[in-house]
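One structure is given below, encoded as structure tokens.
Each chain gets a letter, A, B and so on, in the order the sequences are listed, and its residues count up from 1.
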Amino acid sequence: MDADTLLDWYDVHAREMPWRVPPGEARRPDPYHVWLSEVMLQQTTVAAVRDYFVKFTSRWPTVDDLAAAEDADVMAAWAGLGYYARARNLLKCAREVAARGGFPDTEADLLDLPGIGPYTAAAVAAIAFDRPAVVLDGNVERVMARRHAIEEPLPDSKETLRTLAARHTPQHRPGDYAQAVMDLGATICTPKSPACGICPWMEECTGRLAGIAAELPRKRPKKAKPTRHGTVYFARRPDGAVLMETRPPKGLLGGMLALPTTDWSDAPAPAPPLTTEWRDVGEVRHTFTHFHLILDVAVAESFANPDRGMWVERHALDPDALPTLFRKAFKLGQSALGPI
DNA sequence: GAACCGTGGTA
DNA sequence: TTACCAAGGTT
């Protein structure tokens with residue numbers, strides 16, 4: 001059977017990860033660890049997640065600890081990892097789970113929780129609770145598309161791929177199987193230049209036999225990214241405090257600590273956040289999911305009371321608590337103004 | 001279904 | 001430098 005071939009491969013080649021219980025061990029992983037890692041891994045690489053996972057579980061060892069955390073502390077700890085709605089939903093979810101006394105152990109109930117969609121519900125059900133849920137992520141889609149030579153492009157082929165994934169999912173060791181397919185996709189059945197020569201499924205892979213494995217899954221072409229412009233303000237008081245603001249709770253970088261900026265478009269620039277002499281010291285470039293951004297960096301030294309935002313004392317200001325865009329701007333502004 | 005939502009690594 | 005890409009969810 002296909003699944004057993006893959007499980008045999010996984011028993012030997014499973015990658016080590018801080019949230020994972022190696023194959024062969026009888027114990028179940030902590031559902032809190034499984035959930036936290038799966039949320040962090042949404043559209044994010046294992047390498048990027050590893051340190052954040054260790055940081056979160058050290059600081060908040062249980063879901064009850066996380067539920068009791070301050071919003072701003074969690075957002076600051078998540079800073080740099082991206083997709084900040086995940087952090088907002090992480091807290092909502094932790095609080096719901098704490099209130100109900102633990103994680104639900106079925107796919108359907110997990111799906112009701114904030115930030116848990118079809119993939120994460122299936123992954124937690126399978127990995128934490130050993131339920132034979134059908135786990136379908138980008139890896140599984142790619143592996144199935146190649147294994148069965150599905151030439152129809154995504155996302156149209158998604159239901160076909162789901163049906164195929166369900167056909168492969170075993171009743172035995174479904175949690176290990178789910179991680180095995182994803183490991184296969186991450187290490188052998190990679191998006192570019194797949195290592196078909198060492199693949200445990202090479203014999204039965206019709207995509208490889210047809211010589212089109214590397215071209216699959218086909219995808220519809222993506223739209224070009226527009227470039228937006230604006231200005232970011234770095235204002236510093238003589239005592240070192242910096243003018244900051246918390247971004248609106250929804251939307252891009254929602255809920256995150258940030259430097260004040262204009263709108264990002266071709267619209268006329270709104271007034272600066274305080275009345276003073278601004279000096280242009282350069283620009284920062286940053287690319288988001290669906291647009292490029294170029295911000296002029298304006299600096300000033302001032303005592304003035306801001307029209308918006310708040311002065312944050314130097315000792316209370318950690319640039320690592322900012323989204324990457326603002327880390328860049330902060331660094332440029334700080335170096336332009338020089339030491340206090 | 002499609003738009004929105006980050007980041008860092010890689011070719 | 002640019003474009004693509006990764007263990008998706010929400011609206």
Value in whole Å for how far the [atom2] atom of [N] lies from [atom1] of [X]:
X: A:R88; N: B:dC4; atom1: CZ; atom2: C1'; answer: 12 Å
X: A:L293; N: B:dT7; atom1: CG; atom2: C1'; answer: 14 Å
X: A:Y84; N: B:dC5; atom1: OH; atom2: P; answer: 14 Å
X: A:W78; N: B:dC5; atom1: CH2; atom2: C1'; answer: 13 Å
X: A:E141; N: C:dC5; atom1: CD; atom2: P; answer: 13 Å
X: A:D137; N: C:dC5; atom1: CG; atom2: P; answer: 16 Å
X: A:R247; N: B:dC4; atom1: CZ; atom2: P; answer: 16 Å
X: A:L136; N: C:dA6; atom1: CG; atom2: P; answer: 13 Å

Inset, instruction - Between A:P118 and A:K223, just flag the one whose closest nucleotide in DNA chain C comes earlier from the 5' side. - result: A:K223
Legend entry - Residues which pass side chain to side chain contact (heavy atoms under 4.5 Å, CB included) with A:R100, listed by chain and number, not counting sequence neighbours: A:P104
Please work out which residues in [range] have a non-hydrogen atom less than 4.0 Å from an atom of DNA chain B and list them by number.
range: residues 180-194 of chain A; result: none
range: residues 27-47 of chain A; result: A:Q43, A:T44
range: residues 142-165 of chain A; result: none

Name the closest nucleotide to the [X] side chain, picking from [options].
X: A:Y119; options: B:dT7, B:dC5, C:dG9; value: C:dG9
X: A:K219; options: C:dA6, B:dC5, C:dT10; value: C:dA6
X: A:F288; options: B:dC5, B:dA3, B:dG6; value: B:dG6

Legend entry - P spacing across the pair C:dT2 / B:dC5, given as an integer number of angstrom: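 Between the two P atoms, the distance is 22 Å.
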Inset, instruction - Using the P atom on both, measure B:dG8 against C:dG9 and round to a whole Å. - result: 22 Å
So does [X] pair up with [Y], basic N to acidic O under 4.0 Å?
X: A:D2; Y: A:R167; answer: no
X: A:E141; Y: A:K158; answer: yes
X: A:R142; Y: A:D137; answer: no
X: A:R285; Y: A:E283; answer: yes
X: A:E245; Y: A:R308; answer: yes

Legend entry - Side-chain N,O (A:H290) to OP1/OP2 (B:dC5) below 4.0 Å: yes
Inset, instruction - Kindly say if A:H286 contacts the phosphate of B:dG6, meaning a side-chain N or O under 4.0 Å from OP1 or OP2. - result: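 Checking B:dG6 against A:H286, no side-chain N or O comes under 4.0 Å of OP1 or OP2.
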Legend entry - Summary of ring-ring contact (aromatic ring centres under 6.0 Å, His included) pairs that have at least one residue in residues 139-167 of chain A, sequence neighbours excluded: A:H148-A:H168
Inset, instruction - May I ask you to decide if the ring planes of A:F288 and A:F291 are parallel, tilted or perpendicular, using 30° and 60° as cut-offs? - result: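 Because their plane-to-plane angle lies in the 30° to 60° range, the rings of A:F288 and A:F291 count as tilted.
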Contact class for [X] (heavy atom, under 4.0 Å): base, sugar-phosphate, or nothing?
X: A:M17; value: base
X: A:K328; value: nothing
X: A:L81; value: base
X: A:K222; value: sugar-phosphate

Inset, instruction - Could you pick out which residue, A:R220 or A:R327, lies toward the 5' side of DNA chain B when each is mapped onto its nearest nucleotide? - result: A:R220
Legend entry - Any N/O donor-acceptor pair, A:Y83 side-chain to B:dG6 base, under 3.5 Å: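 Donor-acceptor pair under 3.5 Å: yes.
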Inset, instruction - State whether the distance check finds a donor on one side and an acceptor on the other, under 3.5 Å, for side chain A:T289 versus base B:dG6. - result: yes
Inset, instruction - Indicate yes or no for a side-chain donor-acceptor contact from A:R86 to the backbone of A:Q42 under 3.5 Å, with no hydrogens or angles considered. - result: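 Judged by distance alone, yes, a pair lies under 3.5 Å.
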Legend entry - Close side-chain approach of A:V140 to A:L161, heavy-atom, < 4.5 Å: no
Legend entry - Proximity of A:F56 and A:F53 rings by center, below 6.0 Å: no
Legend entry - Pairwise distance OG(A:S157) to NZ(A:K219) - rounded to 0.5 angstrom: 10.0 Å
Inset, instruction - Please identify each residue that fulfils side chain to side chain donor-acceptor pair (under 3.5 Å) with A:S37, with sequence neighbours left out. - result: none
